[in-house]
Structure formats: structure tokens, C-alpha cells
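Remarks on the structure that follows.
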Amino acid sequence: MSLLEVRNLTHSFIDKILYDEASFDLYKGEHMGIVGQNGAGKSTLIKILMGEIIPDKGMIKWQRDIRIGHLDQYVEINGTSTIIAYLKTAFAHLFELEKKLNDIYPEMAITGNYDLMDQAANFQEKLEASEFYSIESLIDKVVYGLGIHAIGIERPIQELSGGQRAKVILGKLLLEKPHVLLLDEPTNFLDKEHVDWLASYLTGFDGAYIVVSHDFDFLEKISSCICDIEFGTIKKYTGKYSDFLRQKEHLRADYIRQYDAQQKKIEKTEEYIRRNIAGVNSKMAQGRRKQLERMERLAPPTFTTKPTFIFQEIPLSAQMALKVHDLEVGYGEPLLPKLNFSVLGGEKLVITGFNGIGKSTLLKTLVHRISAVAGSFRFSESVKIGYFEQDLIWKDDTKTPIQIISDFHPKLGVKEIRTRLAQCGVKNTHTSQAIGTLSGGEQSKVKLCLLLLSPCNFLILDEPTNHLDAETKEALQNAIVQFKGSVLLVSHEEKFYQKWADRSLNIEDVVK
């Protein structure tokens with residue numbers, strides 16, 4: 001019996017059909033990855049499974065009494081609670097059981113009712129079976145595995161950044177050990193070693209899970225099956241991500257062959273009808289026309305065109321593009337020791353270090369979003385910065401991508417804006433929707449479009465691959481390789497930059 005049954009799921013968003021009569025099952029212990037291009041409906045599917053969105057049609061049936069753990073980055077948490085106190089709430093039922101056990105002994109002493117001994121023994125067995133006396137080591141395992149220790153477990157939740165908060169919520173979910181985990185992009189705020197730890201943890205997880213991710217190396221490690229959302233369908237493939245790719249490529253090639261063969265048959269039949277409809281073979285021609293009318297025609301292959309990125313470069317004459325001297329960054333108080341480094345003209349430098357150490361704060365300081373605590377930095381006079389901020393925050397999230405681009409570049413006509421957005425992989429149906437209703441990947445593409453329209457010779461990029469699908473990552477990677485100016489990149493995705501980065505600066509080495 002399956003843990004989850006999805007039958008005839010149909011759902012549209014605005015005028016786009018996300019799923020049409022889609023069905024699949026999740027079985028006990030099954031480890032499912034969800035893939036699909038940006039805007040295909042991956043996050044929407046998770047929300048439907050959680051009951052947060054009601055589909056247009058179809059049945060979502062969970063097995064009775066099943067416990068589901070959902071990574072919701074926006075869940076309400078008591079902000080004054082510390083990280084460690086929040087993580088301990090994963091064992092609230094066990095602490096309550098311990099309290100009942102401890103209350104039994106005074107009651108026996110007062111009442112002399114030693115029949116309560118059996119109840120006490122029962123409580124004790126439950127606590128031991130649930131590893132209650134190993135709670136501290138269980139929490140430590142998750143805290144160090146996800147890098148939460150670097151944040152400080154005594155810090156109040158309200159002081160955490162969005163990424164740190166998501167990491168803590170994920171930690172609590174893992175400690176709760178539900179029957180099913182629903183995780184939407186769990187690696188976005190994790191560093192490489194923590195992604196590796198999570199992959200190892202999930203691989204050994206006894207329960208089932210559904211994971212949405214654009215990190216395909218991660219999916220390769222953790223998945224036993226893949227659900228692919230494409231062209232209104234949800235198709236389930238057995239095996240790892242690499243197995244899915246081979247199967248999908250074979251099915252695509254087979255579909256194209258069938259479509260081409262059908263088109264040739266239609267063309268040949270239509271030619272016969274034109275030549276014979278008025279002649280002696282008129283009845284045969286009419287019969288073939290009826291056959292054509294009854295034919296279930298295959299839809300033309302509409303495999304999405306890959307986006308193309310080309311930065312508008314301006315010359316960079318400076319030998320030294322950026323010089324940083326004894327720079328201290330933070331919000332009032334320095335997050336890091338004094339930083340000293342430089343970026344040469346045309347050099348590509350990657351800033352690495354665990355999540356929350358202060359990498360984004362450094363970039364925001366360099367682009368004057370926040371003030372330096374102390375020290376100095378200086379860009380060459382010929383430098384023109386192009387900045388990509390990882391946070392998906394808009395002044396007005398009701399505006400459409402067309403309106404947003406037009407506000408920044410009023411001389412561009414609507415037709416040209418549509419063309420530029422299309423080149424960045426933004427679907428035409430999304431260009432007229434409120435930006436706040438689009439997926440994280442679609443929003444990131446709009447931000448990239450803005451960047452591409454701004455002439456520059458020094459790129460400062462903060463986690464640009466978060467939310468992006470494989471095709472878009474590859475296009476962005478190629479554009480950075482071709483870019484002749486300087487690049488300062490913060491990224492947790494080593495595979496994205498390892499082939500083209502000139503050098504890296506590990507912030508952790510500065511802290512030591």
C-alpha cells in the first residue's frame with residue numbers, strides 16, 4: 001500500500017496548465033526527487049501535497065495517521081526562543097513523558113499506591129526506546145552536520161538571517177523523524193560539506209521523502225526515483241538521477257521519431273486527398289480525410305529552448321580593479337576579522353566559507369548597501385559594477401517582469417523587453433504576471449535580465465545559482481567564462497565555478 005496516492009491531478013496557474021490528469025504514488029521508504037524547469041510547478045506540487053493549495057481537480061490521499069515533515073521557511077517561530085530551545089521542541093512529547101514519569105514517584109510516596117510502578121516502568125521503556133537519554137548527542141549530530149554550531153546555538157531565532165533560519169528549521173525536521181519528509185530546495189543555504197552530510201543522512205533515512213532540488217549531484221546521491229514535471233505531465237522514473245536522464249533522453253528521441261513519422265504520413269495523405277478528391281478515386285480520398293480527422297495527433301516537440309546570457313561589457317583598463325585594506329564588515333559590530341585582498345583587472349575570484357559567516361555582508365558593503373565598520377576598500381575609477389543579490393526582494397512584488405524591466409530601462413519597448421526576458425529563459429506567459437507569484441527560479445531570471453541590460457566590467461554575484469535549473473546554470477556559467485572583466489563570486493556550488501575561477505578566498509581561513 002502506498003503512503004501517498006495522487007490521481008488525475010489537474011491544476012492551472014493563470015492561463016498555464018501545470019499538470020493535466022497526472023498520477024503517481026509514493027511508497028514506504030521511497031526516496032523521490034522532483035525535477036523540472038523553473039516555473040514547471042515543483043513548489044506548487046509540494047504545497048498541493050501539504051493542502052496549502054487546492055488543485056483544480058484530482059485526488060491527494062495520504063495514508064491514515066501518517067506524520068509529515070515539511071520544510072517551510074516561513075513557519076511562525078517564537079523569535080525570542082534560542083536555537084537550542086527550538087531544536088529541543090522536536091522532542092516535546094518525550095519531555096512531557098519524562099515529566100509524567102517523574103511525577104509518579106512523589107505520588108507513590110504520598111499515596112502509597114505502588115500499583116503505579118507498572119505505569120512508571122512503561123513510561124521508562126518508551127523513553128529508552130525513543131533514545132530520550134541520547135537527545136543531546138542526537139542534537140549535536142544535526143547541529144554540526146548542518147553547520148548550525150557556527151551560528152551559535154544560544155542565539156535567539158529573531159537574530160538569524162533567512163538562510164540561517166531555514167537551516168535551523170531543517171535541523172528540527174530531521175530530529176523529529178517523521179514518516180515522510182517534504183523538502184523544497186533544502187541545499188540552497190548549505191555549504192558543500194553540509195550538503196554532503198545531508199545527502200548521507202537522507203540516504204540512511206528509514207522513512208520516505210520527496211525532495212525538490214536543482215542540485216543534481218545531490219539528487220544522484222539521495223534518490224531512488226525521480227518525478228519529472230514537464231509539459232503538463234508528471235512522469236515517474238525508477239532509479240537515480242542519472243538513470244532518469246538516460247531514460248528521458250531515450251523517450252524524447254522516440255517521441256521525436258514518432259512525431260516525424262506521423263507528420264510524413266499526414267503530409268502524404270493530404271497530398272493524396274488533394275490529387276484525388278475530385279477524380280475517380282474520390283470515395284477513397286474522402287475515406288482518408290475521415291481517417292485524418294479521427295487521428296489522435298501528437299503535439300509537436302516543444303522542448304524548451306536553452307537561455308542565452310551575454311553581459312554588456314565595457315573596457316576595464318585598470319590593472320588593480322579592487323583593493324581591500326583592513327576592512328571590517330557587519331551591522332554595528334564586525335562579523336569578521338580585518339580583511340585584506342585585491343582583485344586584478346579581468347581576474348575571477350570566488351569567496352567561500354560556511355553559511356552565515358559574513359560573505360553576503362562583505363558583498364553588500366562593497367556595493368555600498370551597508371557601511372563598513374572599519375577599514376577601507378577602493379575600486380579603480382574605470383570600474384562599473386554589475387551586482388546580483390541573492391535575496392528575492394522587490395520594491396513592489398505586484399509588478400510584472402515587463403513593468404520591472406521598463407522601470408529600469410524606460411527606453412525599451414514592450415516587444416524588446418519580451419525578447420530580452422525570453423533570452424533569459426522567462427516564459428512568455430510569465431512576463432505579464434506579478435513577480436511575487438513566480439517561482440524562485442523565474443524571479444532569479446528576471447534579476448539576471450536586469451543585470452544583462454546594465455553595462456559593466458566588474459561582476460559581483462551573490463549565490464546566483466540558487467533556484468536555477470540546469471540549463472540556466474550552464475548558460476550563466478558560459479557567460480561568466482566569456483566575460484573579460486573582473487568577477488567576485490560568492491557560491492556554495494563548487495561545481496559551478498571550479499573550472500573557471502582563477503583563485504578562491506576562504507573566509508574561514510581569515511577567522512582562524
Side-chain angles (χ1 to χ4, degrees), residues 1-4 25-34 46 49-51 62-73 75-78 81-101 122-149 151 153 157 164-190 194-213 218-219 221-225:
M1 183 178 176
S2 59
L3 299 177
L4 168 68
D25 293 274
L26 176 73
Y27 294 98
K28 185 177 180 180
E30 199 163 41
H31 296 169
M32 178 184 291
I34 303 286
I46 296 294
L49 297 181
M50 285 300 300
W62 288 99
Q63 194 179 103
R64 282 187 65 183
D65 300 324
I66 200 164
R67 287 187 296 111
I68 303 169
H70 174 217
L71 179 57
D72 182 357
Q73 298 173 22
V75 67
E76 289 188 12
I77 302 175
N78 179 3
S81 174
T82 63
I83 291 175
I84 186 63
Y86 176 70
L87 293 176
K88 284 183 176 180
T89 62
F91 306 99
H93 61 295
L94 295 180
F95 284 113
E96 182 62 29
L97 192 60
E98 183 198 34
K99 184 179 181 301
K100 290 180 180 179
L101 173 62
N122 182 40
F123 286 169
Q124 185 69 46
E125 287 178 11
K126 287 182 178 179
L127 288 172
E128 290 175 358
S130 302
E131 298 182 283
F132 176 75
Y133 300 103
S134 302
I135 281 179
E136 286 191 12
S137 62
L138 292 173
I139 290 177
D140 281 347
K141 179 182 176 182
V142 170
V143 160
Y144 280 89
L146 294 177
I148 297 172
H149 69 288
I151 306 171
I153 59 174
I157 300 288
Q164 292 170 335
R165 193 172 182 274
K167 190 182 290 191
V168 173
I169 293 169
L170 175 59
K172 177 175 177 281
L173 272 185
L174 300 184
L175 290 169
E176 287 176 333
K177 293 185 179 178
H179 298 120
V180 180
L181 282 168
L182 300 182
L183 307 178
D184 191 354
E185 298 288 1
T187 65
N188 268 2
F189 301 102
L190 298 179
H194 305 138
V195 171
D196 292 341
W197 180 88
L198 179 61
S200 176
Y201 182 94
L202 290 177
T203 302
F205 183 62
D206 291 334
Y209 52 72
I210 299 177
V211 177
V212 173
S213 180
F218 177 70
L219 283 180
K221 293 174 183 175
I222 69 165
S223 58
S224 62
C225 63

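Note that these values count all heavy atoms, side chains included, but never hydrogens, waters or copies made by symmetry. As the structure is a computational prediction, the values presented were derived from the model and not from experiment.
Here the CG atom belonging to L4 is positioned 14.5 Å from the NE2 atom belonging to H179, to the nearest 0.5 angstrom. One distance of note links NZ of K167 with CG of L198; it measures 11.0 Å at 0.5 Å rounding. Rounded to the nearest 0.5 Å, atoms CD (E96) and CG (L101) are 12.0 Å apart. If you take CG on L87 and OG1 on T89, they are separated by 7.5 Å, rounding to the nearest 0.5 Å. Residue K221 holds its NZ atom at 11.5 Å from CG of L202, rounded to the nearest 0.5 Å. L3 CG to I66 CD1: the interatomic distance, rounded to the nearest 0.5 Å, is 4.0 Å.
For the pair L183 and L170, the minimum side-chain heavy-atom distance is below 4.5 Å. The closest side-chain heavy-atom distance from L71 to D184 is not below 4.5 Å. With a 4.5 Å cut-off on side-chain heavy atoms, S213 and T187 count as touching. Side-chain atoms of I139 and I153, non-hydrogen and from C-beta on, never get closer than 4.5 Å to each other. No side-chain heavy atom of L97 sits under 4.5 Å from any side-chain heavy atom of F132. Residues L26 and I210 have side chains in contact (heavy-atom distance under 4.5 Å, counting atoms from C-beta outward). The closest side-chain heavy-atom distance from E176 to L173 is below 4.5 Å. Between F218 and P186 the shortest side-chain heavy-atom distance falls below 4.5 Å.
In terms of modelled atom types and a separation under 3.5 Å, the side chain of W62 and the main chain of M50 share no donor-acceptor contact. No side-chain donor-acceptor contact under 3.5 Å links Y201 to the backbone of G145. Under the 3.5 Å distance criterion, the side-chain polar atoms of T82 are matched with a main-chain donor or acceptor of A85.
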As a quick check of understanding, evaluate side chain to side chain contact (heavy atoms under 4.5 Å, CB included) for I222 and H31, giving each step before the final call.
CA-CA 7 Å; I222 69 165; H31 296 169; 5.9 Å; no
Does the side chain to side chain contact (heavy atoms under 4.5 Å, CB included) test come out yes or no for F189 and H194, once each step is laid out?
CA-CA 9 Å; F189 301 102; H194 305 138; over 6 Å; no
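Of all heavy-atom pairs between G33 and S223, the closest is N-CB, 4.3 Å. Pairing each heavy atom of K172 with each of A90, the nearest pair is O-CB, 3.9 Å. Residues I135 and F95 approach most closely at CD1-CZ, 4.0 Å, considering heavy atoms.
The salt bridge (charged side-chain N to carboxylate O under 4.0 Å, His left out) analysis of residues 123-132, with sequence neighbours excluded, yields the pairs E131-K177.
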